[in-house]
Amino acid sequence: MPLAAEGEGFHQPSIAEFFPPAIWFEGTIFEINRIQVVRFVAVAVLLTLMVIAARRARLVPRRGQNIAEILLDFVRINVAEDIIGKEKAHKYVAFLTTVFFAVLAFNITGVIPFLNIAGTSLIGLPIMLALWVYVMYLSAGIKAHGVGGFLKSSLFPPGVPWILYILLTPVEFLQVFVMRPATLAIRLMANMVAGHLMLVLCFAATQFLLIDSGNGALIPFGALTLVGGFAITLFEVFVAALQAYIFVVLTAVYLSQSVEDEH
Amino acid sequence: MIGAALPAASILAAESETVEGWRLLLPASYDIVWSSVVLVVIAVVFYKLVLPKFQAVLDERTEKIEGGLAKAASAQEEAAAAKAEYEQQLQDARAEAARIREEARTEAGQIVAEAREKATAEQARITETAQRQIEAERQQAAVSLRADVGSLATELASKIVGESLEDEARRSRVVERFLDDLDAQTTATAGKGN
């Protein structure tokens, strides 16, 4: 536990936080550590809430259903329809909604007491999410334009003098096939890692300054770090939602660029 | 933040276990396995259960709202039609009233004219009757006057001429001649008067 500093020393936050010891199946591909358990909890809570909301869904919504519907409408209208366009968005609303809810659920565990780490702060999950997005936008592009048409529209942007393709085409190739999924995964993971480290730093410092050090002169500094931890916790709630939003918006943008008509 | 953490760490305490930074970017096999598992579970539940159910409810709601709007529109249309009909009826009634009034006026004019005509005819008739009566009375008066005037004149003449007029034949001739003169004079006067 990052909050439980051991002994008298200051618990220094490090990336070792993200590689906790195994709990079950150590050394196998089914190894389960603390972060996997946090993910399972996130999945269980997310699905329980959503299934209950869906089961109880009525024509005239109640409070819980209203919240679920606000989020669903947010993805459908403000992301899918605004970016991809009303007609084409229809096919991708379910995908975008699922991605948004999944990322949000795994991000928010970073500020939930006793979980205290984001499910997306370990690179595997962001990579799988990004791969899913990658497969979706490539297949959407190929479905819309055929393999040749998709390659032509994404690697040879129209309206450019042909000589520039020498420069543009490799850049576009890297962009479409490497950079997009890589940046999706790394942006999400890095944000969650940084947020976790900030929280650990603040609360570990508070623990040390207020309690472990036993030095009254350090108490004001401890109070300061406690307030800082409080502020960063609120900030991390915002970041969790923001990163989920950024992830799903970029996904919608990539889908839109894949399926948009050639001009 | 990581940069800020390092000096603090060097002052305060040491971390026993170190992990290479690259491990953050390179997923462990178990990480990939469990990430896939949780994503598949979420995807299946969302695609099969949660999203269709919400979609159904949202569609139903949209339908209900659209149905309600259509109903309201039709009700409004009906009301407008009823109002138009009512106004048409009112217009018709007004036109009818005006027509009846016009007819009544015309009829009244006719009645007045007829009455006037009748009155005029009646007046003429009465005037004629009166004239006729006057004429008859005049003639009667003339006849009785002739008889009276004859005897009176005779009497008067007898008194004036005495016995010279005792002779019956002479007296009769004189009276006849006098009356004829009188008659002619009267006729002449009447003719002038007419």
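Because the structure is a prediction, the values reported are computed rather than measured. Order of the sequence lines fixes the chain letters, A, B, ..., with proteins taken first and strands second; residue numbering starts at 1 for each chain.
Residue A/Phe95 touches chain B through both its backbone and its side chain, counting heavy-atom pairs closer than 4.5 Å. For A/Glu31, the parts lying near chain B are the backbone and the side chain together; criterion is any non-hydrogen pair under 4.5 Å. Both the backbone and the side chain of B/Leu25 come within contact range of chain A, each with at least one heavy atom under 4.5 Å from a heavy atom of that chain. With a threshold of 4.5 angstrom between heavy atoms, A/Phe30 approaches chain B through its backbone and through its side chain. Neither the backbone nor the side chain of A/Pro126 comes within contact range of chain B, judged by heavy atoms closer than 4.5 Å. Using a 4.5 Å cut-off between heavy atoms, B/Leu58 touches chain A through its side chain atoms alone.
Shown here for A/Trp132 and B/Ala43, the closest heavy-atom pair between the two residues is CH2-CB, 3.8 Å. What you find for A/Ile29 and B/Trp34 is that their closest heavy atoms are O-NE1, 4.4 Å. Here the closest non-hydrogen pair linking A/Arg58 and B/Arg61 is O-NH2, 3.4 Å.
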Apply side-chain contact (heavy atoms from CB on, under 4.5 Å) to A/Val60 and B/Lys64, showing your working.
CA-CA 11 Å; A/Val60 179; B/Lys64 275 271 161 65; over 6 Å; no
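Under a cut-off of 6.0 angstrom, the local environment of CZ in A/Phe40 is crowded, with over 12 non-hydrogen atoms contributed by other residues, nucleotides or ligands. For B/Gln140, the CD atom sits in a loose shell: 12 or fewer heavy atoms of surrounding residues, nucleotides or ligands are nearer than 6.0 Å. Residue B/Gln139 places its CD atom among more than 12 non-hydrogen atoms of other residues, nucleotides or ligands, all under 6.0 Å distant. The environment of A/Phe230 atom CZ is sparse: at most 12 non-hydrogen atoms of other residues, nucleotides or ligands sit within 6.0 angstrom. The environment of CZ in A/Arg55 is sparse: at most 12 heavy-atom neighbours from other residues, nucleotides or ligands sit within 6.0 Å. For CD of B/Glu87, the number of neighbouring non-hydrogen atoms (other residues, nucleotides, ligands) closer than 6.0 Å is greater than 12.
To the nearest 0.5 Å, atom CZ of residue A/Phe18 and atom CG of residue B/Leu24 are 6.5 Å apart. Here OG1 of A/Thr28 is found 10.5 Å from OH of B/Tyr30. Values are rounded to the nearest 0.5 Å. Atom CG of B/Leu26 and atom CD1 of A/Ile123 lie 9.0 Å apart (nearest 0.5 Å).
Within residues 183-192 of chain A, the residues having any heavy atom less than 4.5 Å from a heavy atom of chain B are, in residue-number order, A/Ile186, A/Met189. The contact list for residues 46-54 of chain A toward chain B, using heavy atoms and a distance under 4.5 Å, reads A/Leu46, A/Leu47, A/Met50, A/Val51, A/Ala53, A/Ala54 by residue number.
Of all the listed residues (B/Leu39, B/Val45, B/Leu51), the one sharing the greatest number of non-hydrogen pairs under 4.5 Å with chain A is B/Leu39. In terms of non-hydrogen atom pairs under 4.5 Å with chain A, the most contact-rich of B/Ser35, B/Ser36, B/Ala28, B/Ala56 is B/Ser35. Heavy-atom pairs under 4.5 Å with chain B were tallied for A/Leu122, A/Leu129, A/Thr97; the largest tally goes to A/Leu122. When each of A/Ala57, A/Gly124, A/Ala205, A/Ala68 is scored by its heavy-atom pairs under 4.5 Å with chain B, the top score falls to A/Gly124.
No side-chain heavy atom of A/Met128 sits less than 4.5 Å from a side-chain heavy atom of B/Pro27. By the 4.5 Å heavy-atom criterion applied to side chains, A/Val93 and B/Gln55 are not counted as neighbours. Counting heavy atoms from C-beta outward, B/Val38 and A/Gln36 have side chains that stay 4.5 Å or more apart.
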